[in-house]
Amino acid sequence: MDQINVGIIGMGFIGLSHLDAVRRIGNVNLVAISDVNHSQAKEYAQRFGIEKCYENYDELIADPDIRVIHNCTPNHLHLEINKKIIEHGKHVFSEKPLGKTVHETAQMIELLKKYPDAIAGVNFCYRMTPLVQDMKHRIKQGEIGDVLLIHGSYLQDWLLYETDFNWRIEPEFSGPSRCVADIGSHWIDTAQTVMGSRIIEVCADKVTAFPIRKKPVTQVETFSVQDDIKYTDVAVTTEDYAGVLVKFENGVSGIFHCSQISSGRKCFLNLEVNGTDGSYYWNQETSDRMWKGHRNTHSEIVLRNPNLMVPEVRDYTYMPAGHPEGWNDAQKNALFAFYEFIQKNKKHATDKADFATFEEGHHIAKVTEAILLSANERRWVSVDEIS
Ligand SMILES: NC(=O)c1ccc[n+]([C@@H]2O[C@H](COP(=O)([O-])OP(=O)(O)OC[C@H]3O[C@@H](n4cnc5c(N)ncnc54)[C@H](O)[C@@H]3O)[C@@H](O)[C@H]2O)c1
């Protein structure tokens with residue numbers, strides 16, 4: 001099978017995780033990286049034995065050796081870079097959220113119509129966790145009967161203090177939504193995946209707990225802790241929390257909340273699905289186990305076990321039971337699905353992808369904007385109202 005040469009733009013927190021993931025997939029060759037922080041990128045290139053390191057991402061995009069490009073830059077660069085990748089006739093794997101706004105994501109969807117051979121994935125990676133895939137297939141097979149409800153949350157605490165700051169706070173970099181676009185979007189994608197149905201209506205409340213935050217005069221790396229910092233006051237418009245009632249296309253109701261100010265919670269993404277014949281509960285912080293609830297007999301803890309999973313999931317789980325798999329493995333699974341799609345010469349027009357597509361990223365951007373509109377106008381909003 002042909003080797004696929006790959007480049008990564010943006011070598012911050014998530015760029016390094018992509019680097020790790022692509023290296024775990026066969027027939028994929030990481031040949032170049034690029035970051036505005038060129039000295040850091042050069043250090044990575046040397047440390048990880050990557051042949052080329054570009055200061056300017058345009059050079060990486062134009063490199064004729066490269067067929068697939070990962071866009072791991074902050075949100076405000078997703079449209080600009082994704083467009084250029086597609087226009088150069090290359091495949092793109094973009095970070096989420098797909099764009100800052102629906103106006104931006106719609107432009108990518110329009111552009112892809114002109115490039116039907118371009119494969120375009122977006123990194124909603126939690127859906128690729130083995131037990132989430134297992135839950136999806138089991139629900140589809142009717143194992144818990146008819147689905148009645150879905151509920152859950154994504155809670156973090158890394159923006160709990162007014163001195164916590166990151167580019168995600170500022171709408172020019174993140175977009176008008178922060179907490180929903182950044183982590184609520186992961187809950188939305190995971191929930192839509194297990195339900196096999198999309199959110200079509202929302203009713204939301206949102207809170208900006210810190211209308212003023214103290215911004216360090218120099219930027220602090222995502223999730224890092226630093227002392228002796230000088231600050232300047234910044235007015236904040238993006239939300240720290242949102243609570244959302246949701247309606248799915250298949251008629252099922254649900255509710256989720258997301259927060260970046262919940263002390264003690266780190267990456268607490270969880271969901272529970274209640275059906276007529278049982279329930280499932282899964283939390284990504286304990287991603288190798290799932291609770292299965294019964295009314296008339298003891299409830300069970302299901303441990304990830306490749307031998308007991310539905311056959312459709314076997315490509316997405318590697319370790320024997322007892323050796324934990326986690327978030328990095330889900331990332332790798334997302335990329336495995338993406339590269340397999342390319343290697344099998346599949347097309348978006350005819351083939352269903354397991355990884356999240358740009359079209360799905362666009363829908364999630366619409367749900368995100370519907371949530372903001374609903375909270376601002378204090379009413380139910382149909383996702384169709386957003387264009
Ligand atoms: N899928 C996930 O689970 C997940 C997790 C974390 C972040 N993300 C997404 O990944 C993206 C990046 O987030 P992060 O946490 O890695 O941020 P980060 O701030 O840690 O890294 C961003 C990197 O992009 C670089 N960059 C900025 N402008 C650039 C340019 N013009 N050219 C090249 N490089 C440039 C920065 O120097 C930095 O190294 C965001 O869109 C975020 O939502 C996704």
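Whatever order the structure lists ligands and atoms in, that order sets their numbers, starting from 1. As the structure is a prediction and not an experimental result, all values here were calculated from the model.
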Does the N or O separation between Gly15 and ligand 1 drop below 3.5 Å for any pair?
no
For atom 28 (N) of ligand 1, which candidate among Ile33, Leu60, Leu77, Ile9 holds the nearest heavy atom?
Leu77
Judged by modelled atom types alone, do Ser287 and Gln284 share a side-chain donor-acceptor pair under 3.5 Å?
no
Would you confirm whether the ring centroid of Tyr318 sits within less than 6.0 angstrom of the ring centroid of His323?
no
How about NZ on Lys347, more than 12 heavy atoms from neighbouring residues, nucleotides or ligands closer than 6.0 Å, or not?
yes
Which of the ligand 1 atoms, numbered from 1, are nearer than 4.0 Å to a heavy atom of Cys125:
1 (N), 3 (O)
Ligand 1-proximal atoms of Asn166, by part, heavy-atom distance under 4.0 Å:
neither
Closest to atom 43 (O) of ligand 1 (heavy atoms only, candidates Gln284, Met11, Lys96) is Lys96
Would you kindly specify which portion of Ser17 sits under 4.0 Å from ligand 1, judged on non-hydrogen atoms: side chain, backbone, both or neither?
neither
Please state which part of Phe13 comes within less than 4.0 Å of ligand 1, counting heavy atoms only: side chain, backbone, both or neither.
both
To which of Asp35, Thr73, Asn123 does the heavy atom nearest atom 36 (C) of ligand 1 belong?
Asp35
If the cut-off is 4.0 Å to any non-hydrogen atom of Tyr57, which atoms of ligand 1 fall inside it?
31 (N), 32 (N)
Look at atom CZ of Arg295 and say whether more than 12 heavy atoms of other residues, nucleotides or ligands are closer to it than 6.0 Å.
no
Non-hydrogen atom of Trp327 closer than 4.0 Å to ligand 1:
yes
With atom 13 (O) of ligand 1 as the reference point, say which of Arg168, Glu95, His186 has the nearest heavy atom.
Arg168
Member of Asn123, Asp182, Asn75 meeting the side chain to side chain donor-acceptor pair (under 3.5 Å) criterion with Lys96
Asp182
Report yes or no: do Glu325 and Thr317 form a side-chain donor-acceptor pair below 3.5 Å?
yes
Should we say atom CZ of Arg289 is surrounded by more than 12 heavy atoms from elsewhere, each under 6.0 Å from it?
no
Atoms of ligand 1 less than 4.0 Å from Asp182 heavy atoms?
43 (O)
Using only heavy-atom distances, determine whether the side chains of Asn82 and Asn71 contain a donor-acceptor pair under 3.5 Å.
yes
Is a side-chain donor-acceptor pair under 3.5 Å present for Ser177 with Glu239?
yes
For ligand 1 and His78, I'd like to know whether there is a polar contact (N/O to N/O, distance under 3.5 Å).
yes
